[in-house]
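Please read these numbers as outputs of a predicted model, since none were measured by experiment.
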Amino acid sequence: MCGRYSLRAEEGRIMRQFELYQTPRLIRRYNIAPSQSIPIVRLTPDGQRECVMVRWGLLPSWSKEPKTDYSTINARAETVATKPAFRTAFRSRRCLIPADGYYEWAVRPGSKTKQPYYIGLQDGEMFAFAGLWERWQREDTVIESCTIIVTEANELTRTIHDRMPVILGERDYASWLSAAARQTELLQSLLKPFPSERMRAYPVSTAVNSPRNDSETCIKAVDEESG
DNA sequence: CCAGACGTTGTT
DNA sequence: GTCTGG
DNA sequence: CCAGACGTTGTT
DNA sequence: GTCTGG
């Protein structure tokens, strides 16, 4: 699963990696939580890439109330093509979600508290989660939202948790964004665990537990025991 | 036909 | 919106 | 994901 | 215990 992440990269770096002409104004984030407004990269109706802020926690267009349901912050890769809450977005509203690390909480045997880990690429560089976005509209209120797709964990992340977010390599960005709705097999083939060899994970302090803490402390390595 | 659900995770 | 359950 | 709140009435 | 807020 993926319920917290960081995005420290600067706007220029994001524009380069995602081939954008502009981004919204962004500040460094160390502890992004569900329900917050996050930048996503998607295609405009005429096929241009754009970066916009949307709410994390997908709100289906048919929802009666526009409240965030925590259960839609992630979508299972195995079922995303068919579940009512996600399938229409899977067909035509896929997005990339820039990030440079995410957090998982490992259950520690014999301890009531969990050990948070910070997980990312080996070089700490920015990457993209595979995501979906949706638009909810009633009268004059429009709410755009998104979800992060998750899959089974790889060898590295499995030591912490049995699920992990889908990370896309740069070569797959265009396919993910623009594949035709019927190319289910191609799309599905992109939703695989990222290679362990290119990732790293280390324990961090429980400061990250509270979404109020949004500083470098969240990503600083600590010894396992000191949680 | 209409009503009601539509999600994921972790824990029990 | 669309499918399932009654 | 974790943290933090969670309620009504009557009186001042 | 369970829901809401971040």
Side-chain angles (χ1 to χ4, degrees), chain A residues 1-7 26-39 53-93 97 99-120 129-138 142-153 157-167 181 191 193 201 203-215 217-219 222 227:
Chain A
M1 163 143 224
C2 177
R4 280 320 157 78
Y5 72 97
S6 72
L7 181 57
L26 298 173
I27 57 165
R28 289 171 185 268
R29 294 296 309 276
Y30 298 87
N31 192 2
I32 298 173
S35 80
Q36 295 180 346
S37 185
I38 64 170
M53 305 297 288
V54 305
R55 182 200 286 183
W56 182 13
L58 188 139
L59 184 62
S61 60
W62 38 259
S63 293
K64 291 195 180 68
E65 299 299 321
K67 59 177 187 193
T68 301
D69 185 353
Y70 107 86
S71 64
T72 58
I73 65 173
N74 294 138
R76 292 175 64 84
E78 299 88 335
T79 55
V80 70
T82 54
K83 292 284 185 184
F86 302 126
R87 62 191 167 196
T88 55
F90 180 75
R91 283 196 285 265
S92 55
R93 285 183 294 278
I97 303 178
D100 37 44
Y102 69 96
Y103 301 94
E104 288 294 3
W105 281 259
V107 179
R108 292 182 282 199
S111 168
K112 267 179 251 172
T113 61
K114 296 179 189 171
Q115 173 70 57
Y117 284 80
Y118 186 57
I119 305 167
F129 292 130
L132 307 175
W133 65 276
E134 188 55 273
R135 171 175 290 153
W136 184 96
Q137 191 159 15
R138 293 289 185 283
V142 176
I143 297 172
E144 291 189 323
S145 60
C146 71
T147 189
I148 295 172
I149 299 178
V150 293
T151 186
E152 60 182 335
T157 60
R158 193 151 59 218
T159 62
I160 302 163
H161 194 72
D162 63 347
R163 307 286 297 173
M164 72 180 288
V166 172
I167 294 172
L191 303 181
V204 292
S205 106
T206 52
V208 72
N209 289 13
S210 174
R212 287 181 313 190
N213 298 326
D214 190 4
S215 72
T217 308
C218 294
I219 64 166
V222 300

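Between the base of E/dG6 and the side chain of A/S35 there is a donor-acceptor pair shorter than 3.5 Å. For E/dT4, its base never sits under 3.5 Å from the side chain of A/Y70 at any donor and acceptor pair.
Between A/R163 and B/dT9 there is a side-chain N or O to OP1 or OP2 distance below 4.0 Å. At the phosphate of D/dA3, OP1 or OP2 sits under 4.0 Å from a side-chain N or O atom of A/N209. A close approach under 4.0 Å does not occur between any side-chain nitrogen or oxygen of A/R4 and OP1 or OP2 of E/dG6. Taking side-chain N and O atoms only, A/T79 has a distance below 4.0 Å to OP1 or OP2 of B/dT8. Between A/R76 and the phosphate of B/dT9, there is a side-chain N or O to OP1/OP2 separation shorter than 4.0 Å.
Among the nucleotides B/dT8, C/dG1, D/dC2, the one closest to any side-chain atom of A/N74 is B/dT8. Set against B/dT8, B/dC6, D/dG4, the side chain of A/V150 has B/dT8 as its closest nucleotide. For A/M1, the side-chain atoms get nearest to B/dT9 when compared with the rest of B/dT9, B/dT8, B/dC6. Distances from the side chain of A/P34 to the nucleotides D/dC1, B/dG7, D/dG4 place D/dC1 closest. Closest contact between the side chain of A/P211 and the listed nucleotides C/dC3, B/dG7, E/dG6 involves E/dG6. Listed candidates were D/dC2, B/dG7, D/dG4. Nearest to the side chain of A/R212 is D/dG4. Here C/dG1 is the nucleotide among B/dT8, D/dC2, C/dG1 with the atom lying nearest to any side-chain atom of A/P84.
Between A/I160 and A/A201, the closest heavy-atom pair is CD1-CB, 3.8 Å.
Per the geometry, CE belonging to A/M164 stands 17 Å off C1' belonging to B/dT8, to the nearest Å. For the pair A/I219 CD1 and D/dC1 P, the computed distance is 22 Å after rounding to whole Å. Spacing between atom CH2 of A/W105 and atom P of B/dT9 amounts to 15 Å, rounded to whole angstrom units. Whole-Å rounding puts the A/E78 CD to B/dT8 P distance at 9 Å. Computed from coordinates, the A/I148 CD1 to B/dG7 P distance equals 18 Å when rounded to whole Å. Rounded to an integer number of Å, the gap from CD1 of A/I73 to C1' of B/dT9 is 9 Å. Atom-to-atom, CZ of A/R87 to P of B/dA5 comes out at 16 Å; the value is rounded to the nearest Å. What separates CZ of A/R91 from P of C/dG1 is a distance of 14 Å, to the nearest Å.
Rounded to the nearest 0.5 Å, atoms CG (A/L7) and CZ (A/R29) are 9.0 Å apart. Here the CG-CD1 distance, from A/N31 to A/I219, works out to 11.0 Å after rounding to the nearest 0.5 Å.
To the nearest whole angstrom, the two P atoms, one in E/dG1 and one in D/dT8, are 22 Å apart. Comparing D/dC1 with B/dT11, their P atoms sit 9 Å apart, to the nearest whole Å. If you take atom P in B/dT12 and the same atom in D/dC2, they sit 14 Å apart, rounded to whole Å. A gap of 43 Å separates the C1' atoms of D/dG10 and B/dA3, to the nearest Å. Across E/dC3 and B/dT9, the matching C1' atoms stand 16 Å from one another, rounded to whole Å. Nucleotides B/dC6 and E/dG6, compared at atom P, are 27 Å apart to the nearest Å.
When each of A/Y103, A/W56, A/Y118 is paired with A/Y5, the ring-ring contact (aromatic ring centres under 6.0 Å, His included) condition holds for A/W56 and for no other. Each of A/E78, A/E152, A/E104 was checked for a salt bridge (charged side-chain N to carboxylate O under 4.0 Å, His left out) with A/R163, and the lone residue meeting it is A/E78. When each of A/E134, A/R135, A/E144 is paired with A/V54, the side-chain contact (heavy atoms from CB on, under 4.5 Å) condition holds for A/E144 and for no other.
Residues A/I149 and A/F129 form no side-chain contact, since every pair of their non-hydrogen atoms from C-beta on lies 4.5 Å or further apart. The shortest side-chain heavy-atom distance between A/L58 and A/C146 does not fall under the 4.5 Å cut-off.
Using a 4.0 Å heavy-atom cutoff across all strands shown, A/W62 reaches at least one base atom of the nucleic acid. If you check every strand for non-hydrogen atoms under 4.0 Å, A/S61 touches nothing. Residue contacts for A/V208: at a heavy-atom cut-off of 4.0 Å it reaches no nucleic acid atom on any strand shown. Residue-level contact check: A/N213 touches neither bases nor backbone, having no heavy atom under 4.0 Å from any strand. At the heavy-atom level, A/A85 lies under 4.0 Å from the strands shown only through sugar-phosphate atoms.
Once the 5.5 Å centre distance and the 30° plane angle are applied, the aromatic ring of A/Y103 is found not to be stacked with the base of D/dC1.
The partner of B/dG4, taking Watson-Crick or G-U wobble pairs whose two distances both stay under 3.5 Å, is C/dC3.
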